[in-house]
Each structure stands twice: as structure tokens, then as C-alpha cells.
Amino acid sequence: MNKTTYRFETAAIHGGQQPDKAYGAVMPPIYQTSTYAQTAPGKNLGYGYSRGANPTRTALENSLKSLEQGSHAFAYASGMAAVDAVLKLLQPGDQVICTQDIYGGSFRLFKGIFEQYGLVFKFIDLGNANDLSKHLNKDTKMVWLESPTNPMLQLVDIAAIAAQLKGTDILLAVDNTFASPYLQQPLNLGADIVMHSATKYLGGHSDVIAGALVVKDEALADRLRFITNSTGAICGPMDSFLVVRGIKTLALRMQRHCENTAKIAVFLKNHPKIENVFWPGFPEHPNHEIAKKQMRDFGGMLAFKLRDSDQNATIACIQRLNLFTLAESLGGVESLIGHPATMSHGSMPKNEQLKNGISPNLVRLSVGIEAVEDLIDDLKSALNEND
Ligand SMILES: *Cc1c(COP(=O)(O)O)cnc(C)c1O
């Protein structure tokens, strides 16, 4: 099943998958082994040592390749391990241009670890793709994008950025965690590297931490394979299995995530206690046109600001919810709610937070696939309680 022309829903189930060679198991067995018997030194059945490759991980990597329409995929122990592998492509002195409101953990890795090794990070607003050229210089070696961004749901025109980098040696890397490949496929928009926290929509059940990279270019894949095998932050067989299993229902889940989120966005927008709802599906969202162009739907995430700007009142409102669980993370079947200023973006300095719109009354929702009427009822009662 290696045809690349399947529709997404089919590719999510069959892409790169085949019954296991030993007994025809329909799902890839969990090859919980570190090493493989050799018939003569260096002679084996395709696998030598599980840091380099493992059949369950291969099944996941083949699926990822098919979802993102790439040629090579790598599965990692976490999303951050995948980001880490990408940055190890660079040398001291190299400059990376990033979108401003990136995932807090990526910000921490860039500033807290890689700056020490001489990489230079420049955070800019890429709401207007044409602004990129002002920031490029001879040291620029990578552009790191998230779209939609976390938590403000801003979009970057990936194809427009890719067009500006064409013909240069600057790599375009896109963290596609928020959108999932169901909504957008950055390699097809001209990106060189697509990264996922597979912990989120790909796994989809909040039961695994994993990460992924997918690329098209052979030479780039060789470098990533060398980095990955040398540093060893690979996805284990059990975790690979869980992500493969999650991906089978990705299309169905995403469809429901998007439908529920659209209804909740409208409900919140009309609610007197809400000041602002950040969701790219609204025609007045500043990046709505980009969303229509590069995404299949508007996604399962939204953020909003309460009219009452007080942090304690915001947290009290969050705590009155029953169905939305207060938790880090996103992209699971269950609805989650987060307070970015103290949670996902707590490691970002206050002034950086405010610059990015992460105020104390900002709330982020990862809308699950429950009955949307129940989710709205839950929000309704939490908002209407007298503080
Ligand atoms: C969660 C997340 C990551 C990090 O992934 P882990 O699997 O938690 O290591 C990176 N980027 C985004 C956008 C995320 O949401």
C-alpha cells in the first residue's frame, strides 16, 4: 500500500502499512527488542539494533511519510526531541528566524539550550510574509514556523514564506502540531522539514509522548538519520504502536474537532462575559484568508479573553468547568482547558508573554470530540456563575 495518491482518510489507515510478514498481523506487532539475530556478522533481516531502526517504528515512520506526503520520516521520543534533532543541523553562529508566539517548550529549548551553543534566534512577527526578507542575512540558515500559533491562533502564509526562501540554502521548518496533516501539509506548500508533537493530534488519546519529522530531500534525510542514530532520542516500539493506532482515526477525529470548535467559537463570541475569541474561522480574523487558502478547516484549538482581566477571576472560571479538564497538552479526544500565562507559556518571561498577547485573562481550549451541546452547557454554567 505505497501508492501516494490515496485520499487523506485512506492514507491515514493504509498509507505505508502492510500486514506483518511473520503472521499477517493487521496491526504492526510491538517489536519490543533492542537487537536482532544475525546469520553472519553484519548479515540480518534488515534490522541490526533498535536505536537505528525498529519494525514498529518503521510502521509509524511509513505512516507519517504518507500523511505528510514526504519521502523520509523519523519518529522521536517526544516532540521536543524532534525539534532538538532539527536544530542539530546547524552550526555555531547560524541564525534562526522564528515566529513570535511559538510553543513555550520550543522557546525554552532555543533560548535555554541552543543559544549556549552559539545559535542565534530572532523572533519576529510573520503575519505579513513579506517582512521576512528584512531579517535575512548571510548567517540565516533556518526559518522556524508554527501555524496556527500557540496560543494566539495566528497564521503564517507558509507558501509565501517558502517562495521567499527558494533558491537559498535557508531551511524552512514548520511545527505542524496544531494543524495536524489533516488540515495542512507544509511539505506541499514548500517547507523542507515538517515537525510534529505526535503527543497531540496524531496520537490523539493523551496516552503517549512522541515526536516526528518528515522531509522530502534525500540529503537532508541522511543528515537527520545520522543525528538521530547518534543522539538516540528515538520513539520506542510501544509508543510507536500507540501513535500508529491513533493515526487510524485521525481524519474522523479532526473532522469532529473542527465542527465542535466552530460551534464553541460562535457561542463564546456571543457571550457577554467574553471580550475576544481567537479562532481563524471568523471572517474578521486577521489571517482568515490564509486559513482558507492553506488549511482544509479551521482546527480544534481556540483561545479567548474574558472581559474581567483579573487572573484570579479567570482561574476561578476555569475551575468551575466539569468537562473541560484543566491540563497541559492538546489534541486528545477529551476537551482540555489551559491558562497559557501560568501553564504552557509559564517559562516565557512576563514581558515576552504580554508582547505576544498572553495576558492573565487569556484561556486556551483544546476542543475534544464529545457532544458539543454538553461542552457548551459546561462553558455556559462556568461563565455565568457569579464570581
Ligand atoms: C506539545 C508541543 C511540542 C512539544 O512536544 P512534546 O511531545 O510535548 O515534546 C512542540 N510544539 C507544539 C506546538 C506543541 O504543542
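All values below were derived from every heavy atom in this structure, side-chain atoms included, with hydrogens, water molecules and symmetry-related copies excluded. First listed ligand is number 1; within each ligand, the first listed atom is number 1. The shown structure was predicted, so the numbers you read here are calculated from the model rather than taken from an experiment.
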Chemist: Of all the non-hydrogen atoms in the protein, which one sits nearest to atom 1 (C) of ligand 1, and at what distance?
Modeler: K200 NZ, 1.4 Å

Chemist: Under 4.0 Å, counting heavy atoms only: does A210 come that close to any atom of ligand 1?
Modeler: yes

Chemist: Please identify which atoms of ligand 1 are closer than 4.0 Å to at least one heavy atom of S197.
Modeler: 1 (C), 2 (C), 3 (C), 4 (C), 5 (O), 6 (P), 7 (O)

Chemist: Check for me whether L330 has a heavy atom closer than 4.0 Å to any atom of ligand 1.
Modeler: yes

Chemist: Can you find an N or O of T199 that's nearer than 3.5 Å to an N or O of ligand 1?
Modeler: yes

Chemist: Can you tell me how the ring of F298 sits relative to the ring of W279, calling it parallel under 30°, perpendicular over 60° and tilted otherwise?
Modeler: perpendicular

Chemist: When you check the side-chain N and O atoms of S335 and E370, is any donor under 3.5 Å from an acceptor?
Modeler: yes

Chemist: Among all protein heavy atoms, pick out the one at the shortest distance from atom 10 (C) of ligand 1; state its residue, atom name and that distance to 0.1 Å.
Modeler: Y103 CD2, 3.4 Å

Chemist: Under a 3.5 Å threshold, yes or no: a donor from one side chain and an acceptor from the other, between K65 and N62?
Modeler: yes

Chemist: Do T325 and E334 meet the criterion of a side-chain donor-acceptor pair at a distance under 3.5 Å?
Modeler: no

Chemist: What atoms of ligand 1 come closer than 4.0 angstrom to any heavy atom of G79?
Modeler: 5 (O), 6 (P), 7 (O), 9 (O)

Chemist: Is there a nitrogen or oxygen of D175 sitting under 3.5 Å from a nitrogen or oxygen of ligand 1?
Modeler: yes

Chemist: Between F114 and Y117, what is the ring plane arrangement, given parallel below 30°, perpendicular above 60°, and tilted in between?
Modeler: tilted

Chemist: Looking at K216, H196, Q185, Q184, which one forms a side chain to side chain donor-acceptor pair (under 3.5 Å) with E68?
Modeler: H196

